There are 2 protein chains.
Amino acid sequence: MKHIESINNPKVKQWKKLLTKKERDKSGTFLVEGFHLVEEALKQGEQILEIIVSEKVDLPSRWDAGSTPVIQVTEEISNSLSDTEAPQGIYAVCRITPAEVQEAKTFLFIDAVQDPGNLGTMIRTADAAGIDTVVVGRGTVDIYNAKVLRSAQGSHFHLPIISGDLHEWIDKLQEKNIPVYGTALEGASIYTDISTSDSFALIVGNEGNGVGKDILASTTANLYIPIYGKSESLNVAVATGILLYYLKK
Amino acid sequence: MKHIESINNPKVKQWKKLLTKKERDKSGTFLVEGFHLVEEALKQGEQILEIIVSEKVDLPSRWDAGSTPVIQVTEEISNSLSDTEAPQGIYAVCRITPAEVQEAKTFLFIDAVQDPGNLGTMIRTADAAGIDTVVVGRGTVDIYNAKVLRSAQGSHFHLPIISGDLHEWIDKLQEKNIPVYGTALEGASIYTDISTSDSFALIVGNEGNGVGKDILASTTANLYIPIYGKSESLNVAVATGILLYYLKK
């Protein structure tokens, strides 16, 4: 097993740069942290490039790293790569793969969601609901942000997540007669009035402002979830769960 | 308006102590932070005891503080009370009121949820779904933790939230023929098999371990939400939203 002791090693410098979106975009790679995420990356197999492990940590014996290089580093190097207060001492560098979505029938479109915990939870929820593809529009927090990865709990390795222009995607689906549902508080239908179907796209939006007006104007229909109590709204990830599980039925 | 300049003023010391559960329990009061939460406390009216405002902040002109004392403090004092990185400079001390739940028909029971963001989002979701009462069992993060309050976005002022023994509550409701639904991955029915009803209790549990086995053994029925994709589970607040909106229909 390769061993790195110097925090100035070029590989260490490169890994640290992966904490920034700029370098992730440039290199086409991202860093995941923690046993669960590294294990999910290993299971999926195609995207993982190398495993980084602190000298204080043993790889679980059930893991089969196969031909994936494992690099041992000092505790100091390991901690310098972490985004968390209690680092687990294990990381993987993964490839951002161009997603194949030819066969996709169900979509979650995300417009300008800001909070990484919300975005990650929405990706995890889309995965659970069996959605084929997530498309993330302009103004949304980066898909490969460490907190997004953590909240998604490995779903990045389960379904394609694409950055794209939501207007173009809406046009493309409507040409195929796939209904596209926005979410809005005004001028919208109660979600339970919509028939469930094998193919659809749901659009959810920014925590404060919702889905952009220009996007809502180009949907097949817009939906709302009724508020029966006194709260002003639902959390966007909770709303996503309610709608996806309803639409999929 | 009363003005406090010294960080050693006894009132300031007392407010700071409210950042701990111990002092909240002892004094029967809690502190809320930020314009939205203070406004929700003012609207509800019965629980608010005093408003604390930084000398750099103006109260919004639409607010009617009525007879609620408003105390102006220095920026230093204001910041010392904050749990956030960008304090808004406005707080309210509120009374923990013994909740009236005689008429309640719908309940959310929470077993050992650890993450304050999850608990707050669950309280907000129960409020949105029109649930009458939330009961929080042993091992759950404190209801009045600053992050729980922030995530619940004012729902603490909209519905009773009680600490209680879930076993006693289950017995009490079952005596009244109110069905109590646990959530479990094994030995459970798919949630869409359950008939919706005017009165029920739903139990959701710990992020890692779910609802305790002893509790699941005493429910009317246990439910699960199917996972159609590859994720292992749903976030507990998302699951709560899916189930409450289904059961309420």
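Keep in mind that what you see is a predicted model, and the values were worked out from it rather than measured. Here is how names work: the chains are called A, B, and so on, in the same order as the sequence lines, proteins then strands, and each is numbered from 1.
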| query | Would you call Tyr91(A) and Val32(A) a side-chain contact if the rule is heavy atoms closer than 4.5 Å? | reply | no
| Heavy-atom side-chain proximity of Cys94(B) to Tyr144(B) below 4.5 angstrom | no
| Do Lys248(A)'s NZ or CZ and the ring of Tyr228(B) fall within the cation-pi criteria of under 6.0 Å and 45°? | yes
| remark: Interface check, chain B: of Thr240(A), Ile131(A), Ile227(A), most non-hydrogen pairs under 4.5 Å belong to Ile227(A)
| said: Regarding Arg124(A) and Ser233(B), do their side chains bring together a donor and an acceptor under 3.5 Å, going by distance alone? | reply: yes
| Thr121(B) versus chain A, the contacting section by heavy-atom distance below 4.5 Å | side chain
| note | Assert top hit (heavy-atom pairs under 4.5 Å, partner chain A, pool Ala152(B), Gly117(B), Gly229(B)) equals Gly229(B)
| note | Okay, His36(B) and chain A: the region with an atom under 4.5 Å from a heavy atom over there is side chain
| task | Heavy atoms only, distances under 4.5 angstrom: which of Ser155(A), Pro226(A), Gly154(A), Ser151(A) has the most pairs with chain B? Name it, please. | result | Pro226(A)
| message | Which residue in the set Ile161(A), Leu159(A), Val134(A), Leu108(A) passes side chain to side chain contact (heavy atoms under 4.5 Å, CB included) when paired with Asp127(A)? | response | Leu159(A)
